Structures are given as C-alpha cells and as structure tokens.
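Below, read A as the first sequence line, B as the second, and so on, with proteins coming before strands; counting in each chain starts at 1. Computed from a predicted model, the values in this text were never measured in an experiment.
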Amino acid sequence: MPELPEVETTKNDLIDLGFIGQEIVDFKCHWDNILENDTCQNFKSFLVHEKLLKLWRRAKYIVFELSNSKYLVVHLRMTGQFAKPKLDYEHLKHEHVHIQFEDNRWLVYKDTRKFGKFTIVSDIDAYFKHLGPEPLLDSFTDKIFDQCLGKTKGNIKSRLLNQLVVAGLGNIYVDEALYLSHILPTRMVKDVKPFERKLLRKSIQKVLSDGLDNMGTSLGTGEGNYLSVSGRRGQNKQRLKVFRREGLECFDCKSIILKVKLASRGTHYCPKCQS
DNA sequence: AGTGATGTTCAGGG
DNA sequence: TCCCTGAACATCAC
Ligand SMILES: [Zn+2]
C-alpha cells in the first residue's frame, strides 16, 4: 500500500533492473480491470516495438516514458508490486501483467487485491494537472503549502490525504507528520495556525524523506505487505512514532497512543503531544 | 467460521 | 466545495 517513499523506491529499483533503452517485445494481462482505458489486445499492439526511454514518478504514479511520445502510467494502489524479472514466462498466483523486453526478460506485475491500474496516456501534463505539489521538491514552500491547505471546512487529516492538495501522502505518513507537528488529526483546517502550517510542511518533508532513506515502510509479512521490486522489504517501520503503535507508549511523553477512525481510515495519535 | 480491518482511489450523494 | 460511504478485491487477525 505504497505512498510516495514506497513508489519512489519502487521506481528507483525498476531503473536498476536495466530495462531502460530496451524495446518491449511482448505483453500479457490476465485481469482486464487493471487496464484502465483499453483492452489487453490494444495495450499489446500499442506497447510492442516501443522502446522504454525513461522511468519517473509523480505523486503515487510510476511513469514508463515510451518512444512513441506516449506514457504507460502505473498506480500500485494497495498491493501492486513488481516481482523479480524472469527469463522464462510463467503465470504465478496474483501475477496479472507480464511485459517482455528485448533481452527476453519478463517484467512481472503482481497485485493481491487487484486494485492497481495501468493506463496509456498521451498528454501526461493534462493527466497530472489536477494533482497537488510534490512535497519533496524545493518548490514546496510554506507559502505554496498554505495556499493548498486553504481554510476549508473539514479536518486536517482528510485534507492531507487529498492528492489534489499535496501529492503522495497516504495514511502512514499523514499520521506521522501530524504527530511531529503536535496537531490532532481531527483539528479543523481553518484552526491550523500559520506557525503550525510551517511546522507541518517541514514535518511532511521529514517523514517522507526519512521514509525514502529507509526505502519505504513494510508493515507485515503477509500477502498484502508492501515490498519493493524483487520482494525487498523497506526498513522504515522502526522509525514510525504512532502508526500501528496504538496501546504502546509515546516515545516522547509515555502516554498511550490511541487509535480512532477518521476519514474512514485508522488514525493514530498521542493524546498529550497533539492538540 | 464469520466479521472487520487493510498502506488507495473513484463515483455518487447529502 | 467537502466529506462520508461503498465499491473495486484478497488476505489476515480476532
Ligand atoms: Zn506523547
């Protein structure tokens, strides 16, 4: 269930697989709903003979830039991941998309819950136009963040989960950033003061860059657990201060971390450090 | 065994 | 405009 650090790590690991510069020679899909805007046959005829020029990320999307000036955009949603490439084609459980490159290796997309999406995009700027700013760029300033947050009616957590406000945050890193900022997730956006907005912007960058340094957060061991390319675990779980720590002591004040439901999501906070 | 929860997003409706 | 709900699915912990 990848957020920005997990998607960035996956993208970086995909680059390391060495497919850039190669032509796509075959394409198979076994679950049509993963293909967003066309049939498997059309994806295949569109992709085959095109060269992979670049791999990059925007928000939680991975972009495969192709030689026909078009883009294969992949969203991992909850459980999407890329398996270790293999020379011989096989179709294992939970594997839904297979892309073969000219060195004959198959790039394998697996997705336990099948929520992931592959989309062919022509106008990439238009496709991403609605998204909020990239929080790890220098252009993500206090002023920009303040403008994006606005003074809207709802609570701060829901606001931060909205990809149109800030791109790339998800449930883990929102809870963590709010903890570092001493702000309760339930606080109304309009009640988040200017100095708190500055601290929140810094905290967002802190939790995301720490997450990235640790190659993402792998929480469990089951099928739905986040893993980067070839099944490598992220190491960021040990750094989490509140997420999935309900019932345990706050590292700062020793209060018991609480968990409630907010924005239809499990939400973790310290009742003493956050207000 | 049944029930609710799970790291995402989208559409629909109040 | 904003947010809640349900849906898209499979697995896991009670
Ligand atoms: Zn505390």
Rounded interatomic separation in angstrom, taking [atom1] from [X] and [atom2] from [N]:
X: Arg113(A); N: dT9(B); atom1: CZ; atom2: P; value: 13 Å
X: Lys259(A); N: dA5(B); atom1: NZ; atom2: C1'; value: 7 Å
X: Asp111(A); N: dT6(B); atom1: CG; atom2: P; value: 19 Å
X: Glu246(A); N: dG7(B); atom1: CD; atom2: C1'; value: 14 Å
X: Asp175(A); N: dT8(B); atom1: CG; atom2: C1'; value: 15 Å
X: Glu3(A); N: dT8(B); atom1: CD; atom2: P; value: 4 Å
X: Asn171(A); N: dT9(B); atom1: CG; atom2: C1'; value: 13 Å
X: His268(A); N: dA5(B); atom1: NE2; atom2: P; value: 12 Å

**Report entry** Working for ring pair (Phe, Tyr, Trp, His ring centres under 6.0 Å), residues Phe140(A) and Phe145(A)
**Finding:** CA-CA 7 Å; Phe140(A) 185 61; Phe145(A) 180 54; 5.5 Å; yes
Query raised in the report: Under 6.0 Å between the ring centres of Phe118(A) and Tyr109(A)?
Result: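 Between Tyr109(A) and Phe118(A), which both carry aromatic rings, the centre distance is below 6.0 Å.
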Query raised in the report: Given the side-chain rings of Phe46(A) and Phe27(A), with only the six-membered ring counted for Trp, is the space between their centroids under 6.0 Å?
Result: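 Judged by ring-centre distance (under 6.0 Å), Phe46(A) and Phe27(A) do not meet the cut-off.
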**Report entry** Closest-nucleotide ordering on DNA chain C, the 5'-leading residue of Thr221(A) and Lys114(A)
**Finding:**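 Closer to the 5' end of DNA chain C: Lys114(A).
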Query - 5' priority, DNA chain C, between Gly222(A) and Asn33(A) [closest heavy atom] - result: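 In this pair, the answer is Asn33(A).
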Would you classify [X] as touching base, sugar-phosphate or nothing, given that sugar-phosphate means primed atoms plus P, OP1 and OP2, and contacts are heavy atoms under 4.0 Å?
X: Thr217(A); result: base
X: Asn162(A); result: nothing
X: Ser264(A); result: base
X: Leu219(A); result: base
X: Lys93(A); result: sugar-phosphate
X: Tyr173(A); result: nothing
X: Lys117(A); result: nothing
X: Arg159(A); result: sugar-phosphate

Query raised in the report: Does the side chain of Gln163(A) get closer than 4.0 angstrom to OP1 or OP2 of dT9(B) through an N or O atom?
Result: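 Yes, because at least one side-chain N or O of Gln163(A) sits under 4.0 Å from OP1 or OP2 of dT9(B).
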Requested in this report: Pick out which of Leu160(A), Thr186(A), Val207(A) makes a side chain to side chain contact (heavy atoms under 4.5 Å, CB included) with Leu178(A).
Outcome: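 Running side chain to side chain contact (heavy atoms under 4.5 Å, CB included) over Leu160(A), Thr186(A), Val207(A) with Leu178(A) returns exactly one hit, Leu160(A).
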Query - Who pairs with dG7(B) - Watson-Crick or G-U, where each distance is under 3.5 Å - result: none
Query raised in the report: With both distances under 3.5 Å as the test, what is the Watson-Crick or G-U wobble partner of dC9(C)?
Result: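 Check on dC9(C): unpaired, no WC or wobble geometry under 3.5 Å.
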Donor-acceptor under 3.5 Å ([X] side chain, [Y] main chain):
X: Glu102(A); Y: Glu23(A); answer: yes
X: His98(A); Y: Asp26(A); answer: no
X: Asn225(A); Y: Gly220(A); answer: yes

Query raised in the report: Going 5' to 3' on DNA chain C, which nucleotide is the first and which the last to come under 4.0 Å of a heavy atom in chain A?
Result: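 With heavy atoms of chain A under 4.0 Å away, the range is dC2(C) to dC12(C).
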Query raised in the report: Under a 4.0 Å N-O cut-off, is there an ion pair linking Lys86(A) with Glu95(A)?
Result: yes
Integer angstrom distance from the [atom1] of [N] to that of [M]:
N: dC4(C); M: dA5(B); atom1: P; answer: 16 Å
N: dG4(B); M: dT5(C); atom1: P; answer: 14 Å
N: dC10(B); M: dT11(C); atom1: P; answer: 25 Å
N: dC14(C); M: dG7(B); atom1: P; answer: 16 Å

Requested in this report: Would you mind telling me which of Lys259(A), Lys157(A), Arg244(A) makes a side-chain hydrogen bond (donor to acceptor under 3.5 Å, both in side chains) with Asp175(A)?
Outcome: Lys157(A)
